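Letters A, B, ... are given to chains in the order of the sequence lines, protein chains preceding strands, and every chain is numbered from 1. This one's a predicted model, so the numbers in the text were calculated from it and none came from an experiment.
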Protein chains: 2
Amino acid sequence: MNPDALRGHLDALLLSVLEWEPLHGYAIMEALQERSGGALTVPTGTVYPALRRLERIGYLSSEWATVGGRKRRTYRLTESGRKHLQGERSAWQEFTSVIGGVLRPEVRAEH
Amino acid sequence: MNPDALRGHLDALLLSVLEWEPLHGYAIMEALQERSGGALTVPTGTVYPALRRLERIGYLSSEWATVGGRKRRTYRLTESGRKHLQGERSAWQEFTSVIGGVLRPEVRAEH
DNA sequence: ACTCTATATGTAGACTGGCTACATGTGACG
DNA sequence: CGTCACATGTAGCCAGTCTACATATAGAGT
């Protein structure tokens with residue numbers, strides 16, 4: 001998929017993946033891959049900075065854990081993030097409806 | 001609407017508006033505004049460079065006309081552009097299906 | 001006359017967010 | 001030992017959109 005198209009929708013994807021369970025960065029990348037049926041491969045250089053940004057804003061909180069000798073930073077959705085996810089979802093609805101409406105091949109009415 | 005979200009979809013919008021009739025830049029802006037129900041206000045600094053880019057690629061061709069003392073550069077879809085529009089349309093379908101699939105609030109199965 | 005609005009096209013430069021490429025380290029398996 | 005999967009992170013690039021500006025005509029209103 002055209003990587004450009006992701007612009008402005010990545011935050012929503014990340015928050016959405018974290019809606020039901022806290023996950024660490026690597027697991028988030030896997031979850032995106034899996035939940036998109038393999039269509040979405042978001043590189044580390046995209047995910048990690050984005051997670052930090054979302055934490056800075058206050059939509060996520062994180063804590064370190066060590067599992068099997070490996071360090072993980074696990075992110076969880078804050079209340080503020082949960083609210084924002086709702087907003088992102090309705091923004092997505094509006095976005096697809098607007099663009100889709102313009103894009104839809106219109107059958108010209110006879111006149 | 002978040003202007004960032006337009007990224008990577010503007011070409012499709014422009015080609016789509018030109019599908020059935022050639023239009024000049026200003027009319028294209030109006031058409032986008034109207035066909036989106038007022039949600040889309042694409043500024044001149046976005047539209048004009050984009051049209052030139054699409055012409056350079058070969059998806060559009062243009063010619064000058066003078067109507068009522070005003071000069072217009074009218075753009076029309078080329079065959080190549082028409083084909084590309086098909087591709088953009090299916091790309092849009094896939095895009096919305098992939099992102100929408102990840103974004104959709106999933107009701108967790110009991111287990 | 002003058003002003004304002006709509007019509008019409010265009011460019012320079014800033015901004016920004018996702019991507020490429022790289023750096024670093026552990027554990028497991030052969 | 002080498003290689004792969006796991007795991008996190010940053011510097012700098014890049015392309016496309018936006019802001020702000022420049023220019024010009026026509027028509028309506030005062």
Between C:dC19 (P) and A:Leu32 (CG): distance, integer Å
11 Å
Hey, which sits more toward the 5' end of DNA chain C by its nearest nucleotide, A:Gly68 or A:Val42?
A:Val42
Mind calculating the distance between CD1 (B:Ile28) and C1' (C:dA8) to the nearest angstrom?
12 Å
Determine the contact category for A:Arg72: base if any of its heavy atoms lies under 4.0 Å from a base atom, sugar-phosphate if only primed atoms, P, OP1 or OP2 are that close, otherwise nothing.
sugar-phosphate
Find the distance between CG (A:Leu85) and OG (A:Ser80) and round it off to the nearest 0.5 Å.
11.0 Å
Would you call the rings of A:Tyr26 and A:His24 parallel, tilted or perpendicular, taking 30° and 60° as the class edges?
parallel
Taking C:dT9, C:dT7, D:dA5 as options, the one with an atom nearest any side-chain atom of B:Glu30 is C:dT7
Quick one: A:Leu10 CG to C:dG18 C1', roughly how many Å, whole number?
8 Å
Between C:dT11 atom P and B:Leu51 atom CG, what is the distance in whole Å?
11 Å
Which label fits A:His9 and A:Phe95: parallel for a plane angle under 30°, tilted from 30 to 60°, or perpendicular past 60°?
tilted
Would you kindly give the CG-to-P distance between B:Leu6 and D:dT17, to the nearest whole Å?
7 Å
A:Arg56 CZ to D:dT10 P, straight-line distance once rounded to whole Å
11 Å
Minimum-distance nucleotide (side-chain atoms of B:Arg73 versus C:dG10, D:dT10, D:dG9)
C:dG10
Can you tell me how far CD1 of A:Ile57 sits from CZ of A:Arg52, rounded to the nearest 0.5 angstrom?
14.0 Å
Would you tell me if any nitrogen or oxygen in the side chain of B:Arg53 comes within less than 4.0 Å of OP1 or OP2 on D:dT17?
yes
To check you understand the geometry: which heavy-atom pair defines the closest contact between B:Glu55 and B:Ser62, and what is its length?
OE2-OG, 2.9 Å
Taking atom CG of A:Leu13 and atom CH2 of A:Trp92, what is their separation to the nearest 0.5 Å?
8.0 Å
Short N/O separations, protein against nucleotides 19-23 of chain D, under 3.5 angstrom:
none

Do any side-chain nitrogens or oxygens of A:Arg70 fall under 4.0 Å of OP1 or OP2 in C:dA28?
no
Measure from OH on A:Tyr48 to P on D:dA7 and round the result to the nearest Å.
8 Å
Report yes if a side-chain nitrogen or oxygen of A:Arg52 is closer than 4.0 Å to either non-bridging phosphate oxygen (OP1 or OP2) of D:dT10; otherwise report no.
yes
Between CD1 of B:Ile99 and P of C:dG18 the distance, given in whole Å, is 11 Å
Applied to residues 34-45 of chain A, the side chain to side chain donor-acceptor pair (under 3.5 Å) test, sequence neighbours excluded, yields A:Gln33-A:Thr41, A:Arg35-B:Glu106
Establish, with yes or no, whether the OP1 or OP2 oxygen of D:dC18 is under 4.0 angstrom from a side-chain nitrogen or oxygen of B:Arg7.
no
